[in-house]
Amino acid sequence: MQKFSGKVVPKKDILEVIQRFNIQINNLTQFLPQDRVCEFAKLTPVQLLEETEKAVGDPRLPIQHRSLITKSQELKKLERTVESNRGSLIQLKGLNAQLERDVERVRQREELLLQVESMRKKLPWLQYDIKKAEYLEAQGWEKEAKKKLDEAANALNQHKIPLEKQKQEKTAHDANCKKLFGLLDSNTKKRLQIEKDDNSLGVQVQGTYNEIEELKLQEESRQRRVNKAKEELQAAELELDNLPVFEHPKDKIEELFAQICELDDAAREIRSAKSQKEGELNQCRQNQRQCVQRLEDMESTNHKRLQALRNSGAEKIFEAYKWVQEHRHEFRKAVYGPVLLEVNVSNRVHADYLEGHVAHYIWKAFITQDPADRDFLFTNLRSFDVPVINHVGDEVCHRRPFQVTEEMRMLGIYSRLDQIFEAPYAVREVLISQFGLEYSYIGSKETDQRADEVLRLDIMDLWTPESHYRWNQSRYGGHISASVDAVQHSHLLLCNVDVREIERLKSKRAELDDRISTLGRDIQAFQSELRHVEDKGANLHREREEINSNYQSQMRKQREVESRINQRRLRLKSMEEKENPDLSLLKLLEKIEELKVKRLQLAIQLKDSIIDAVAYRRDFAEKNLVSIELEDKMKEMEANMKQQEKLSLEASVHCQNCKKKVDDCRRELSAAKKHAESIAKITPELEQEFVKLPATVEDLEAAIHDTISQANSILFHNPNVLEQYESRQVKIDDLTRKLDEDENKLNKLLDEINSLKGSWLPTLRNLVFQINQTFSRNFQEMAVAGEVLLDDHGMDFDQYGILIKVKFRQAGQLQVLSAHHQSGGERSVSTILYLVSLQDLTNCPFRVVDEINQGMDPVNERKMFQQLVKAASQPNTPQCFLLTPKLLEGLQYSEVCTVLAIMNGPWIEQPSKVWSCGENWGSIVGLLGGSQC
């Protein structure tokens, strides 16, 4: 429920009022609680600039700043895009420039091929014209052939009648001649047969004489071969006798076999030992894989916790964790963090207690154990927005020992927060010391029911399953107040990590790595020894094979010589056992005498046949003369008729050919027309194009051949060059258009940034200058020196920041305000002076500072109070509230200062009455014994 001016209003109305009056609750320059003074000192220059812009000056400054950051990021992205596109465009143009000559050649070739295509379209139409002329010519030839055929038929009929009479007379004479010719032919055949038989007998006689001569030559050749075979047999026997005697090397082979067996046994033993080592190595590797898998599973738990931290606001925790892991070797001592990864809570309920008790920022913190490591880590992790805490290990910490008394047990109290988790020593000590875990106890549901009895055990902090009880004792009157909060479930400590188990697994993995390395070396040694034994055995095998090979070679050579001797003996024997040549010669002479008798008988028969043939020839000649005279007359008549038949036949054939020619021309003409129309139909445009081309088929084919040759003479290595060129040209056009658009956007964005920067930066510089003047003046009055500077980064607007530099000693140098260089009091002084410097520039109704004087020495506290009173008393400045439990005596106040005291103590009854009566502050001071505040 929210109230405004005493009335209950919706939360929306409250937010509108806050926005209208520029009230920023989370802005440390307007509302600075005591527990966040340290956070103010930890603000980076960038964050300090953002908070200052929101709190003071022109309300448009933070809006302009955010707009400049956004536009500068867009500008960088656009510049990278323009540069990348420009480089790509230059590269593409360069590639196309290299291809332009090839592209021109390709286009020239395509033009020539188009010309060829036009010529090929005209070629069938020229052929059609030729066929049409041939068809018309064939029709003329057909008409003329029909006329000649009719004339030849009439002339042939006039020559046939006289020829038939001559043929009948000639037939009678031919019958007589044929009879005589038959007798003469029979006689001729008989004489030819006699001559043939005589020639055959003569050939046989001559062949027999040739056989006699051949037989004599064969006998001479046989004698020479027999002599040569005897010589070859003697040479082979001599070669066999000269072969050396070679004994089988049985002893040497057995010796080598024994050595090989020994080497095989040694190799078998080595293989067995190697196999055992390999089995052990495989087992170690399996164990190593299981160990690595277990570690990866636990590291996966770390990943989940890191993700939980990111989701809870630590946006760069992954980068910080990765940076620490990569630079771990540069630290002097062990560095832990984030703390969430180092803490392991086995009980989910206890995780709820621990997470609820510890401040959220500690879970993303890193813990060092050396000041140098702290400074190194802080310098490098500043941009990741993670805390760095240094733990001094040699500090003596007196912890309250944990002991559950009988009274605690009766109330259900069984543990303490410092006992429920595991963590490295440094992490544990930081958690206990920072958050008082040794003073927070854990109880059961029974404790929850009897919570009012816990206070008598001096327990000021108690956790139960349902509630968290806290008792606070006032430092002034000793009064005790209690608060009860519900227990919230843990969101970060959901995945537990067993640190001891991780260390044990890492140690086991290291042992397994060493053992695997040792086994690997042993196996390599066994492998080398086994290779040596196997090489030695292979050499012995090779030596035994060479001995066997030599022995087999000698034996094979001896067998070959013996086989050659046997073959030559058999050959010589076969030559000597052949038939006697004298007996063969006698048989041939007897055959010649028989053939000569047969030839004499054939000569007598030939003489009788010749006498009969002369008589037949005389009668045939007389009768043949008459037949010849008739035949001559017939021949003359037949020649005339044949001449006429020939003319008629030629006329008929010519007529048929002409008719066939006409039909063929008609079909060819129709086919030529269809073919031409299938290729290209005649249009006026095409007809005009045909006029420009050659008019004859020969010229057109020659032109086609020349044009194709010219096109083929244009060579290029890449057949796809035109396609690549055109595709790349499209990309060039698109990229050019996009580059022009991006450059226009870039120039427009740059003009917007320069215009916005021209409005924002001078205003900001003037604002920082005013803050610096007030801060420097106030700081000189309180300390030594201080200044406020604007950290200018050109166009990197997200890097702009405000640097507060101070020094509290004459011998020192100005240093940037931080938790590492100044003490708590010095940071408080610097903080309040910066806030004072903003007083006259702040455009909000009021500002609140809580216990800023805590930790200051009296001198600085008094000076600070005077500066604050002076700044707050100026006209037209926001109202300033200073909340503090105590003030120094003798402080000076202005007339516009109002002091409000919270009347909650039993000893201020009288001052409260005076105050309620409206008296002044002096009356109250008098009642208190003259003390001044």
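Computed from a predicted model, the values in this text were never measured in an experiment.
- In terms of modelled atom types and a separation under 3.5 Å, the side chain of Q369 and the main chain of A334 share a donor-acceptor contact.
- Separating the CG atom in L790 from the CD1 atom in I771 is a distance of 10.0 Å, to the nearest 0.5 Å.
- Side chain of S759 to backbone of L756: no donor-acceptor contact under 3.5 angstrom is found.
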Would Y800 and D792 count as a side chain to side chain donor-acceptor pair (under 3.5 Å) if you check the C-alpha gap in whole Å, the side-chain angles of each, and the deciding distance to 0.1 Å?
CA-CA 5 Å; Y800 274 70; D792 195 332; 2.6 Å; yes
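- Rounded to the nearest 0.5 Å, atoms CG (L764) and NZ (K757) are 11.5 Å apart.
- With hydrogens and angles disregarded, a donor-acceptor distance shorter than 3.5 Å links the side chain of T81 to the backbone of K77.
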Where do H360 and S312 land on the side chain to side chain donor-acceptor pair (under 3.5 Å) test, with the steps shown first?
CA-CA 9 Å; H360 179 269; S312 66; 3.2 Å; yes
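- With S84 contributing its side chain and R80 its backbone, the two residues share no donor-acceptor pair below 3.5 Å.
- A pairwise comparison of heavy atoms in F366 and P338 identifies CE2-N, 3.7 Å as the closest pair.
- Looking at E342, its side chain does come within 3.5 Å of a backbone N or O of G337 through a donor-acceptor pair.
- Within a 6.0 Å radius of CZ in R332, other residues, nucleotides and ligands contribute 12 heavy atoms or fewer.
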Determine whether I362 and F435 satisfy the following criterion, side-chain contact (heavy atoms from CB on, under 4.5 Å), listing intermediate values before the conclusion.
CA-CA 10 Å; I362 198 66; F435 304 102; 3.8 Å; yes
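- Partner H65 forms a side-chain contact (heavy atoms from CB on, under 4.5 Å) with one of I69, L61, I63 and no other, that one being I69.
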Test side-chain contact (heavy atoms from CB on, under 4.5 Å) applied to S88 and L735, step by step
CA-CA 8 Å; S88 301; L735 203 57; 3.7 Å; yes
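- In K76, the NZ atom is crowded: over 12 heavy atoms of neighbouring residues, nucleotides or ligands sit closer than 6.0 Å.
- Centroid-to-centroid, the aromatic rings of F318 and Y321 stay 6.0 Å apart or farther.
- Between T44 and V46, the closest side-chain pair of non-hydrogen atoms falls below 4.5 Å.
- Distance CG/L309 to CG/L340: 4.5 Å, rounded to 0.5 Å.
- Taking both residues in full, the closest heavy atoms of D352 and Q488 are given as CB-O, 3.6 Å, listed atom of the first, atom of the second, then distance.
- Remark: side-chain polar atoms of R328 are paired, donor with acceptor, to backbone N or O of V335 under 3.5 angstrom.
- Under a cut-off of 6.0 angstrom, the local environment of CD in Q799 is crowded, with over 12 non-hydrogen atoms contributed by other residues, nucleotides or ligands.
- With contacts defined as side-chain heavy-atom distances shorter than 4.5 Å, the pair W363/V343 qualifies.
- Atom CG of L354 sits about 6.5 Å away from atom CG of L437, to the nearest 0.5 Å.
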Output, in order, the C-alpha distance, side-chain angles, deciding distance and verdict of side-chain contact (heavy atoms from CB on, under 4.5 Å) for S72 and M795.
CA-CA 7 Å; S72 65; M795 297 296 286; 5.6 Å; no
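- F797 places a side-chain heavy atom less than 4.5 Å from the side chain of I753.
- For the pair L78 and L746, the tightest heavy-atom approach, listed with the atom from each and the gap, is CD2-N, 3.4 Å.
- Distance check, rounded to the nearest 0.5 Å: CG of N85 to CG of L89 gives 8.5 Å.
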Take D385 and K316 through the test side-chain contact (heavy atoms from CB on, under 4.5 Å) and record every step on the way to the result.
CA-CA 7 Å; D385 192 24; K316 298 184 179 180; over 6 Å; no
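- A salt bridge links K71 with E752: the distance from a Lys NZ or Arg NE/NH1/NH2 to an Asp or Glu carboxylate oxygen falls below 4.0 Å.
- Here the side chain of D373 pairs a donor or acceptor atom with the backbone of K333 at under 3.5 angstrom.
- Of all the heavy atoms in P387 and K364, the pair that sits closest is CD-CG, 3.7 Å.
- A salt bridge links D734 with R737: the closest approach of a Lys/Arg side-chain nitrogen to an acidic carboxylate oxygen falls below 4.0 angstrom.
- Below 30°, between 30° and 60°, or above 60°: for F376 and W323 the angle between ring planes is between 30° and 60°, a tilted geometry.
- More than 12 heavy atoms of other residues, nucleotides or ligands sit less than 6.0 Å from atom NE2 of H327.
- With hydrogens and angles disregarded, no donor-acceptor distance shorter than 3.5 Å links the side chain of S440 to the backbone of G436.
- The nearest pair of heavy atoms linking P371 to N390 is N-OD1, 3.9 Å.
- In this structure the side chain of L377 never reaches within 4.5 angstrom of the side chain of D375, judged on heavy atoms.
- Both tests pass for R428 against the ring of F421: distance under 6.0 Å to the centre and angle within 45° of the axis.
- Atom CG of L306 is separated from atom CG of N311 by 11.0 Å, given to the nearest 0.5 angstrom.
- Listed for the E355 side chain is a donor-acceptor partner under 3.5 Å among the backbone atoms of L492.
- Each of R86, K748, K738 was scored for a salt bridge (Lys or Arg N to Asp or Glu O under 4.0 Å) with E743, with one residue passing: R86.
- Not one N or O on the side chain of Q434 forms a donor-acceptor pair closer than 3.5 Å with the backbone of L431.
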